[in-house]
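As the structure lists them, so they are numbered: ligands from 1, and atoms in each ligand from 1. The basis for the numbers below is simple: all heavy atoms, side chains too, and nothing from hydrogens, waters or symmetry mates.
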Amino acid sequence: MIKPKGYILPTKCSHSNTVADISLQPVKSPWHHSERTSQDKWTPSKCTRMESCLESVIFAHQVHLLEHKLRSKEERILELETENAILHLRLADCLGKLRRDHAEEAEAEAQKRWQHQRVVQQSTQSALAKLLSEVQILKQDLREVFAVYVNFATELENQSRLLLEQVGQASFALQGHHGNDVHSLQAQMEALERSLQEEKERSRTERERRKILHNTLVELRGNIRVHCRVRPVLPFDDGQGSTLAIGPATTEEVVQAVNDDTVVVNCTRMGNPGLNKMFEFERVHGPEDSQDVVFEEVKPLLTSLLDGYNVCIMAYGQTGSGKTHTMIGSQAEDPSGPQGEARQGVIPKAATELFRLISEKPAESHTVEVSVVEVYNNEVLDLLAKDEDGVAMGAKRDVITTSTGTSEVPLLSYVLVRSSADVMQLISSVLRLRARCPTLVHRDSSRSHLIVTLTVSSKSPNALALARRLQNVKKDMQRKAQKEWWSPRCRRANPMARQSGDERSASSSSSPYHSPSHSPIHSSCPSPRASTAQAPFRTKLQLVDLAGSECVGMSGVTGAALWETSCINRSLSALSDVLGALAEQRPHVPYRNSKLTHLLQDAIGGDAKLLVMLCVSPTQRYMTESLQSLGFGTRARQVQKDTPRRKNIALKLK
Ligand code: ADP
Ligand code: MG
């Protein structure tokens, strides 16, 4: 604390007061005191005065000390203040530095943040740019879609407007023509009829063309066509009931139709491990193929028949392989029902198809005659022959070779038929006569070859002759009118002439001369048909259900049946020999070695279209027979016959 100069502090010793309590009093100089003492004499009082002077000096000294102390304190204070100021300065400096550091740090941070922001901004900008370009593309697409939509809408609008206009016009026209609609309808009808007629004509021409193409195709496919049918496994295939040890009674399927034209026999069990034999034919039917499917492949030959070709369809195979099933069909409870129709074989179906084709040709006249022949124990039996009482008896006939080199059966019975029902009725009536014998393979085994022949006699109308005939009739009428004369002979003869055909159709005489194709029509008045038609031509459809080829051991037959089997086998091997001779084009073909080959000479070696239907059992048990049948079929395919010839050359030239 700074004290004003000339003041001192009160001492401690004088009073009990502290330094701080010392009151400031004016200090008197000792000289001033001594002056007074010189004037007074040294006395006790003077001594007291001396003490007090000393005290003053001490006091002064103390004051001096205190002042000194004060000064030093003041200096210290100054020092401290300086130090404080320096510290303040330093503090300020530090603070400044700190603030600068802070600022720098903040700046760096800001810089960093700015950098980061720039990066983010850049990436955002690029993404944005990308997005923008995409948006642009989308906008463009949208514009295009919109344009399409606008076009579509416009088009739709135009179309609907046009349509509406047309509807309006049509309804207007309809209203306008309402009065004349009958006339216009008539005109339209006439035009339609005309075009229908044209279409009919065109379709007829097309049918003709198709027929020619079809025949060419059939011919190109080869003369002897071989189809193969593998039947399903049947209950009797397991050999149950057999008393003979005739090989393994296994129902394992070894014969398989692998596709439409290939059949494979797995011969592994025959000591040839892993050996498969493959056979190819024109058509191969598997067990699943129905009678209808089988017939569909045969059907084209019937068109050929009416086109003037001889046709022969022959079922070949081992006993029980399905020949009779294929050719005639299996018995149904109701043969007329749909189920019965489905079970029908080639013969009834062919008869139906033949009459259907005939009905499509009303301009031409056709007559169909049936003959049924059985070759049994190398003898030809006429199954339609009847004794005097009219009972069917199966008369024995001969086979001859005519001067033209064709085979013929003199005295063979022909029956005129008018429908397929007639045919089937005839066949079922004669089938009772067919030789049958139960064998171990098949309890209803046919022991003969059955040949059903449908002979079609066709006459096409001749336009020139018809015109001439009409002129003659006209002249006759004029003459008759002038003379007013009527011939009773003619009057009688005409109905008779008509009747003769009917009688013939009803007859089933065994004489071949009752056949229309064999007997010339005699009448005193010329029949319009006879004089106006072209020369008739005859074509034959031979349908053959052969007896089964089989091993004697396998069939287990003895006695008379053994003789039958031997005859069957001999005739079948004769058939095979004939095919072999034809295939090798040998000069001599041994047709006459058997009645069967002699009878079928025209079909096998002539100009007929021949189809062999191989029937094969699928199981291991009959593998030897199946391989034999397939070998027979392969040989038959190798035969190069004469090209089939049409019987109606005139029709062909037209
Ligand atoms: P085949 O005349 O060759 O001796 P069948 O035609 O009499 O033999 O046939 C023997 C048995 O097998 C008959 O009962 C017949 O119904 C049956 N059968 C033959 N082939 C078939 C087939 N494809 N589908 C069904 N059954 C058949
Ligand atoms: Mg049979």
- [ ] For Glu388, enumerate each residue passing the salt bridge (Lys or Arg N to Asp or Glu O under 4.0 Å) test, keeping only those at least two apart in sequence or located in another chain.
- [x] none
Task: Residue Thr324, metal the Mg ion (ligand 2), N/O/S under 2.8 Å - done: yes
Open item on the list: Suppose I only count heavy atoms of Gln318 and a 4.0 Å limit; which atoms of ligand 1 are within that range?
Closed with: 3 (O)
TODO: Under 4.0 Å from a heavy atom of Arg229: give me the atoms of ligand 1 that qualify, with their elements.
DONE: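 Close to Arg229: 23 (N).
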- [ ] Return the option from Gly322, Ser617, Ser290 holding the heavy atom at the smallest distance from atom 8 (O) of ligand 1.
- [x]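 Result: the heavy atom closest to atom 8 (O) of ligand 1 is in Gly322.
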- [ ] Select the closest option to atom 4 (O) of ligand 1 among Gly548, Pro235, Gly320, judged by heavy-atom distance.
- [x] Gly320
Task: Residues forming a side chain to side chain donor-acceptor pair (under 3.5 Å) with Glu253, sequence neighbours excluded - done: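 Glu253 satisfies side chain to side chain donor-acceptor pair (under 3.5 Å) with no other residue.
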Polar contacts were defined as any N/O atom of the residue lying under 3.5 Å from an N/O atom of the ligand; does this apply to [X] and ligand 1?
{"X": "His325", "result": "yes"}
{"X": "Arg231", "result": "no"}
{"X": "Ser330", "result": "yes"}
{"X": "Leu234", "result": "no"}
{"X": "Pro232", "result": "no"}
{"X": "Thr326", "result": "no"}

Open item on the list: Any carboxylate oxygen within less than 4.0 angstrom of a Lys/Arg side-chain nitrogen, looking at Arg283 and Glu297?
Closed with: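 Looking at Glu297 together with Arg283, the answer is yes, because their closest N to O distance falls below 4.0 Å.
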Task: N-O pairing of Arg231 and Asp237 below 4.0 Å - done: yes
State, with a plain yes or no, whether a side-chain heavy atom of [X] is found less than 4.5 Å away from one of [Y].
{"X": "Glu374", "Y": "Val372", "result": "no"}
{"X": "Gln318", "Y": "Ser617", "result": "yes"}
{"X": "His449", "Y": "Leu600", "result": "no"}
{"X": "Arg538", "Y": "Asn310", "result": "no"}

Open item on the list: Contact between ligand 1 and Gln291 is defined here as a heavy atom of the residue under 4.0 Å from a ligand atom; is it met?
Closed with: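 No, that is not the case, since the closest heavy atom of the residue is not under 4.0 Å from the ligand.
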